Participant: 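Below is the structure I would like to discuss, written out as structure tokens.
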Number of protein chains: 2
Amino acid sequence: MLSPVDPHLLRTYVTVARLASFSEAARELGYTQSAVSQHIAALEQDLGAPLLTRRPVTPTSAGERLLEHAGPLLLRLDAARADVVRMAAAPERGLTLAASPTALGPRVLAALPCAGVTLRVLARDEIPAAVATGAADLGLVDGIAAPNDPLRLPDVAPLTTHGVAEEPVCVLLPDTHPLAGRSALRLGDLAAARWLDAPDAGVPLARLRVANGGGAFRPALRYDGTDVRVLTALAAAGHGLTLLPRSAATGVPGAVAVPLTEPRVVHRTELVHGGAPRGAAARLVGRLVERERDR
Amino acid sequence: MLSPVDPHLLRTYVTVARLASFSEAARELGYTQSAVSQHIAALEQDLGAPLLTRRPVTPTSAGERLLEHAGPLLLRLDAARADVVRMAAAPERGLTLAASPTALGPRVLAALPCAGVTLRVLARDEIPAAVATGAADLGLVDGIAAPNDPLRLPDVAPLTTHGVAEEPVCVLLPDTHPLAGRSALRLGDLAAARWLDAPDAGVPLARLRVANGGGAFRPALRYDGTDVRVLTALAAAGHGLTLLPRSAATGVPGAVAVPLTEPRVVHRTELVHGGAPRGAAARLVGRLVERERDR
DNA sequence: GCATCCCATCAGTTCTGCTTATCGAGAGTG
DNA sequence: CACTCTCGATAAGCAGAACTGATGGGATGC
């Protein structure tokens, strides 16, 4: 049986690759430069391939490949520890909730307890990681899916998800737009449009590209922030169209929200948590999931 | 910064949990019983929680949780090594192809080279693991999805997938069945039917349960093998209905295949491979993906 | 050509991880 | 009830791993 790759070596490897320097990595990790050098040598010998070019320090192609593995791997390793530790000691500190910006729909907001919650807005794909490592007790992720379909989340760890809410998806158009009067839109109607590319604030477009039959969207302006207000303002100012859940798209000055009817997709919000939510976290889970069942 | 869980300890832990014995695990791992005892003690101290009850040796609740993490974790660790090693040394041995039973549709069979291929039929969720760890060079997985949607695969490692074929999904009915004369069926027509539960041979039903609005299927007989012939024979004999891709469902004596039109799903086959397919593997990838593009 | 920077290598020390040996608790037996 | 057998915990010792500090050598800059 072949022994697993030593995660200790892996950690120094990713640090070296990130900083592009053995000595810097040594400083950051609290080792001597010598130790780091030996770590990399050991890893290269173990895998039987050079991982870094020296001078300048850059990953080789094999090293690039290893980097792709290393991130999720170290994440899972930490997640495993965090998850088990969480079961043992539940200090009942304040509840931390990690959420993507558009995941905070009306149903969620109504269910939040009045006090004792720390809300942390993160990019969509950081949320499972935050929950897995214990940085947050609960996560709220949103995205586009077929009705009643679960979202596709990166599975960094065994997490539990519950559907919490589904809303229609709307296109946000400046009210001067020729299609602004429509009561419904198909994606095909907008084939020639320019889109705002806002993976962290808006609804990710990539998911639709497939349903769209492979036709790529023409991105106009890319927005890397997480502020929905900025995004709606950009859309209202005519910088491009964007997709939002109805509740986030209505009431924007200078813009109208038109429901998207084809393809038949919904904006879905899911609650994600680790093994054993306790105390306030458990209560919030109960409240959100129960509301869903009433629906 | 917290140091990652030692995978060495993790490996002995899962072995102990599986065998429910320290001494047995020691024998299997080539350690002394003392070493295993120390490993478990170290892990429990590291995580700050008891993981096993002794006498009898059983995982605690925290231990159960850890087991859920451990499997994917060790798999990924091996996958990382295998992937990098594969980049370095490409010995150009015979091509090994791992496939789920119903993934071998006509398009795939036509593209296979005449010689030098080892075909290995595995359960659906073992295939990504086999490809990731290098047990197979390529994998073929099938499943049910919305048209043009990718399948949901367990992401054990960064793998690349290509859609290879899509076929209609058919219900296989014994020709004495009252609905056997229909030219098309909706899932709602079959709400009262009994189903064959064959997760490894047929098409998994779980995926449809969601699209079905949460209504569970009534399973009649469970078949754990991977032989499609057995499955079709069972269906023809009236032991229950089953879903199959059209090419696998036609021509079964005593049964008819009726296309499923609602929900709108297809049987999809995907090719999955690791980082850098070479030689014969690369040629096969090329041939399969190219055929897809022609479609 | 000299200084500097950066990684590789070597020797020495510390500390971890494994083995052997022994103990103690619990289950089965006459 | 005593005896034994099994199985896991613990102690001591030893070999090897891991890290440090020092040194070497190939780049680059002045």
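Chain identifiers are assigned alphabetically (A, B, ...) following the order of the sequence lines, protein sequences preceding nucleic acid strands; residue numbering begins at 1 within each chain. Note that the structure is a prediction, hence the values are computed from the model and not measured.
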Participant: Does a donor on one side chain sit under 3.5 Å from an acceptor on the other, for A:S100 and A:D142?
Facilitator: yes
Participant: May I ask you to say whether B:D46 pairs ionically with A:R81, meaning some side-chain N is under 4.0 Å from a carboxylate O?
Facilitator: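 Counted as a salt bridge, because a side-chain N and a carboxylate O are separated by less than 4.0 Å.
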Participant: Answer yes or no: does atom CZ of B:R54 have more than 12 heavy-atom neighbours from other residues, nucleotides or ligands under 6.0 Å?
Facilitator: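 Count over threshold, so yes.
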Participant: Checking side-chain contact (heavy atoms from CB on, under 4.5 Å) between A:V272 and each of A:L138, A:L140, A:T161, A:T160, which is the one that passes?
Facilitator: A:T161
Participant: Going by heavy atoms in the side chains, are A:L288 and A:H162 under 4.5 Å from each other?
Facilitator: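 A:L288 vs A:H162: side chains apart.
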Participant: Taking protein heavy atoms under 4.0 Å as touching, what does nucleotides 6-24 of chain D look like 5' to 3' if B marks base contact, S marks sugar-phosphate-only contact and - marks none?
Facilitator: -BBBBB-------BBB---
